[in-house]
Amino acid sequence: MTTPANADLHCHSIFSDGTLTPEDVAARASGHGVDLWALTDHDGVGGQQRALQAAREHGMHYLTGVEVSITYADTTVHIVGLGFDPANPDLVAGLDATRGGRDGRAREVANRLERLTGITGVYAGALRYAGNKEAIARPHFARFLVDQGVCKSTQDAFIKYLGDGQPAFVPHRWARLSDAVTWITAAGGIAIVAHPARYRFNATQEAALFTDFKDCGGQGVEVVTGSHTAAEAVRYAATARRYGLLASRGSDFHGPGESRTDVGTLPPLPADLRPVWTALAERIQ
Ligand code: AMP
Ligand code: MN
Ligand code: MN
Ligand code: MN
């Protein structure tokens, strides 16, 4: 394809913690002028075929996508993969194992919420919000707490209970950085550090992350994302230059009313950066 006018390479559907089907995210993306799209559900590729089909129906170009949860320096970090073969057995097995940790963690989150709020049936309640039970995640609990009247908003649920370090937060060991990067790259894709401003790393820890990421084959960083302010985009544009990384752009859209940024509504990448899609020309469908 020629240079995309509006690429959105990070969004979620009911295959993880989004609230819309892949078809509805595709329709919304297309309606907002997206011409190169990737659905990047957490730790799974179950929605990829439907997303590709829907992209075709709307005349959008498509890159396969995923967002892998990893643990680096005792912190949860997200690695986006783009343009991989979604049938690659090592990738599929790695993602299955990563999702496999979610159920036990969710039961513990539910126990804590029952103790903290006095309500019962929290595990079953949150599961009702999960389109894909294996992908149960904190936003499903947040939506349950809002609908029960315990919290005013999902944001409020994270601030009071579910956010990192809050009383219903259950620490979890996700995949290793090198494993996630290898699953993606060995399947023909490009690995990208998602929303780097979201991690609470100091400068030394952040430098270690990018150095280790490059050493194991990582090639990209999200510069323009719904999770970054304009100042943070400027900062991570500098990171892309310093480490020679490809730049990515994605809203991190989870659903109407849930995300700071709607799908397809981001500012452009800084003109001097090399966009990640330029390295994925043969993988664009
Ligand atoms: P989990 O994978 O279960 O740890 O849930 C992580 C997901 O929760 C992220 O992908 C976001 O969708 C959402 N999330 C994380 N932190 C917040 C926050 N502070 N406010 C709202 N949503 C959040
Ligand atoms: Mn999410
Ligand atoms: Mn993320
Ligand atoms: Mn995301």
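One-based numbering, in listed order, for ligands and for the atoms of each.
The nearest protein atom to atom 22 (N) of ligand 1, hydrogens excluded, is given as Phe158 CE1, 3.3 Å; this is a heavy-atom distance. For atom 20 (N) of ligand 1, the closest non-hydrogen atom of the protein is Gln155 OE1, 3.1 Å.
For ligand 1, the atoms lying closer than 4.0 Å to a non-hydrogen atom of Ala137 are 3 (O). Atoms of ligand 1 lying under 4.0 Å from any heavy atom of Pro139, numbered from 1 in the order shown and given with element: 5 (O), 7 (C), 8 (O), 12 (O), 13 (C). Of all atoms in ligand 1, numbered sequentially from 1 with element shown, those under 4.0 Å from a heavy atom of Arg102 are 1 (P), 2 (O), 3 (O).
A side-chain hydrogen bond (donor to acceptor under 3.5 Å, both in side chains) with Ser251 is found for exactly one of Thr261, Thr265, Thr225, Asp8, namely Asp8.
Pairs passing the salt bridge (charged side-chain N to carboxylate O under 4.0 Å, His left out) check and including a residue from residues 253-271, sequence neighbours excluded, read Arg28-Asp262, Arg143-Glu258. Screening residues 263-285 for ring pair (Phe, Tyr, Trp, His ring centres under 6.0 Å) gives no qualifying pairs among residues at least two apart or on separate chains.
Using a 4.5 Å heavy-atom threshold, the side chains of Pro270 and Arg241 count as touching. The closest side-chain heavy-atom distance from Ser16 to His254 is not below 4.5 Å.
In terms of N/O distances under 3.5 Å, ligand 1 is approached by Arg138. In terms of N/O distances under 3.5 Å, ligand 1 is approached by Asp17. Close N/O approach between His254 and ligand 1 is found [any backbone or side-chain N/O within under 3.5 Å].
Taking distances strictly below 2.8 Å, the protein N/O/S atoms close to the Mn ion (ligand 4) are His10 NE2, His12 NE2, Glu67 OE1, Asp252 OD1.
The nearest N/O/S atom of Asp17 to the Mn ion (ligand 2) is OD2.
The residues Glu23 and Arg50 are annotated as salt-bridged, a charged nitrogen and a carboxylate oxygen being separated by less than 4.0 angstrom. In this structure, Arg138 pairs ionically with Asp164, as a charged nitrogen and a carboxylate oxygen lie closer than 4.0 Å. For the pair Asp43 and Arg102, the salt-bridge criterion is met [side-chain N within less than 4.0 Å of a carboxylate O].
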Next on the checklist: The test is side chain to side chain contact (heavy atoms under 4.5 Å, CB included); show your working for Ile136 and Phe141 and say whether it passes.
Outcome noted: CA-CA 9 Å; Ile136 185 159; Phe141 286 96; 4.1 Å; yes
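For the salt bridge (Lys or Arg N to Asp or Glu O under 4.0 Å) test, no residue two or more places apart in sequence or in another chain qualifies with Asp41.
With Gln166, Arg260, Arg105, His42 as candidates, the residue nearest to atom 4 (O) of ligand 1 on a non-hydrogen basis is Arg105.
The hydrophobic clustering, which links ILVMFWY residues whose side-chain heavy atoms are closer than 4.5 Å, places Val45 and Trp174 apart.
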